[in-house]
Amino acid sequence: MSLQNLSDSRLLADTKMWNEKEDYCTRQFLRHINEVNRRRLFCDDKTSSLFKYIRKNFNKSDSETSRRILAAKTLRHVPCADKALANKQVTLTNLAEVSGVVANIKSRKKKNEILESIKGRTQIQARELVDQLTGKTRATRPQTREHSDGSLRIHLSLVGESARDYQFVKEQLSNKGLYKSEDIIAHFISMTAESMRKKIAGIGSRKSKVITNSRTISAAIKKAVMTRSVNKCENCGSRYNLHFDHIIPHSISKSSAITNVRQLCSNCNSRAAIKLLTQQKMDLYINKS
Ligand SMILES: [Zn+2]
């Protein structure tokens, strides 16, 4: 039926109904992604994180995805937030704002108090509350626009320590002939990118070496596995938090041969353990909240 043929009252009633359905679907979506995360199911899709899984499969933007993941995290830590969301006392954005704070607080009472204090508040007010609780002042979120030539236009503001550090570095770099803000920021970025690339390639830092929790795997086997895997997770391709993993547990197979050893990132490692040892057992280690 064409909407043009609906009466005014029916059109308004239907608009309200669809809005309610949309809110309901969003809440269900948050509950579902929490469960997907608990089971680390995104690893079965060969994606290294829930974020990448949602981006890949659900046609959502970066900000839509991160807002949902953070709001879902708040629901995990403060279960009654679901009811507050259903009653329109809190917004998805506000739940996302407080996710980091509620995740780091143990007291259930305190978590509920934080939820109470963001009810009916704007995003800026929720953000100010988080700043008060953490004792940090954050700058407003930068707005980034990508141009067709590959360049980026970023509007950002620096506050507090970041602003002071920026001024300090600016003074130092002006001696090297760097005066313009974009030159200074480009300088920071290239330095950080260089150090990150080295870290990923395993050069320089001892900490950047692959994590290994198994003394039963010889150095030669580890080296051979790393050559085979090109130092990436052999399931999803991630380069972060890599572990050596026995495909069939060493306690059963007694084998650390190259055919029984693989490199997995921590999420894929958790997923493999869930499949092998049950979700219930692994929740004690990986999904504590
Ligand atoms: Zn992985």
Side-chain angles (χ1 to χ4, degrees), residues 29-30 32-62 64-66 68-70 72-73 76 99-100 103 193 195-253 255-289:
F29 184 71
L30 300 186
H32 281 72
I33 59 172
N34 269 343
E35 185 58 22
V36 169
N37 186 55
R38 187 174 82 99
R39 300 183 198 184
R40 304 293 192 274
L41 268 178
F42 48 84
C43 297
D44 287 6
D45 192 47
K46 305 214 178 287
T47 44
S48 59
S49 65
L50 185 61
F51 182 88
K52 286 187 182 169
Y53 176 77
I54 294 174
R55 286 286 287 116
K56 178 180 161 193
N57 291 290
F58 302 130
N59 196 27
K60 296 209 182 303
S61 69
D62 283 0
E64 285 170 331
T65 305
S66 65
R68 277 158 184 75
I69 290 177
L70 294 175
K73 187 174 167 186
R76 274 202 312 274
S99 65
S195 110
M196 281 178 168
R197 284 195 189 100
K198 278 185 184 167
K199 202 170 176 185
I200 290 168
I203 303 165
S205 159
R206 287 181 109 196
K207 279 185 191 162
S208 67
K209 281 186 183 160
V210 177
I211 302 159
T212 170
N213 49 11
S214 177
R215 280 184 225 128
T216 62
I217 304 168
S218 72
I221 292 290
K222 284 176 193 167
K223 206 172 165 197
V225 171
M226 283 164 76
T227 306
R228 183 186 68 205
S229 69
V230 209
N231 219 5
K232 289 181 186 174
C233 170
E234 291 184 82
N235 182 55
C236 75
S238 170
R239 290 177 178 274
Y240 299 99
N241 294 321
L242 297 178
H243 298 253
F244 287 104
D245 176 60
H246 285 96
I247 299 169
I248 302 167
H250 187 259
S251 56
I252 299 166
S253 64
S255 165
S256 289
I258 188 165
T259 48
N260 195 38
V261 177
R262 61 186 166 182
Q263 262 193 312
L264 293 180
C265 70
S266 64
N267 280 328
C268 292
N269 203 15
S270 297
R271 177 66 189 152
I274 288 168
K275 282 179 170 172
L276 192 75
L277 302 171
T278 76
Q279 180 79 46
Q280 204 185 10
K281 222 170 222 179
M282 288 311 294
D283 277 346
L284 299 170
Y285 303 100
I286 59 172
N287 289 311
K288 289 183 282 184
S289 67

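One-based numbering, in listed order, for ligands and for the atoms of each.
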For a quick check under 3.5 Å, do His246 and Ser256 share a side-chain donor-acceptor pair by atom type? yes
Result for salt bridge (charged side-chain N to carboxylate O under 4.0 Å, His left out) between Glu234 and one of Arg262, Arg228, Arg239 points to Arg228
| message | One thing to verify: whether Glu35 and Arg39 come together as a salt bridge, which I'm taking to mean a side-chain N less than 4.0 angstrom from a carboxylate O. | response | yes
Tested for side-chain contact (heavy atoms from CB on, under 4.5 Å) against Asp283, the lone hit among Gln279, Gln280, Lys281 is Gln279
A correct count of protein N/O/S atoms found below 2.8 Å of the Zn ion (ligand 1) gives 4
dist Asp45:CG -> Lys52:NZ (nearest 0.5 Å) comes out at 12.5 Å
Q.
Treating Asn269 as the side-chain partner and Asp245 as the backbone partner, does any N or O pair qualify as donor plus acceptor under 3.5 Å?
A. no
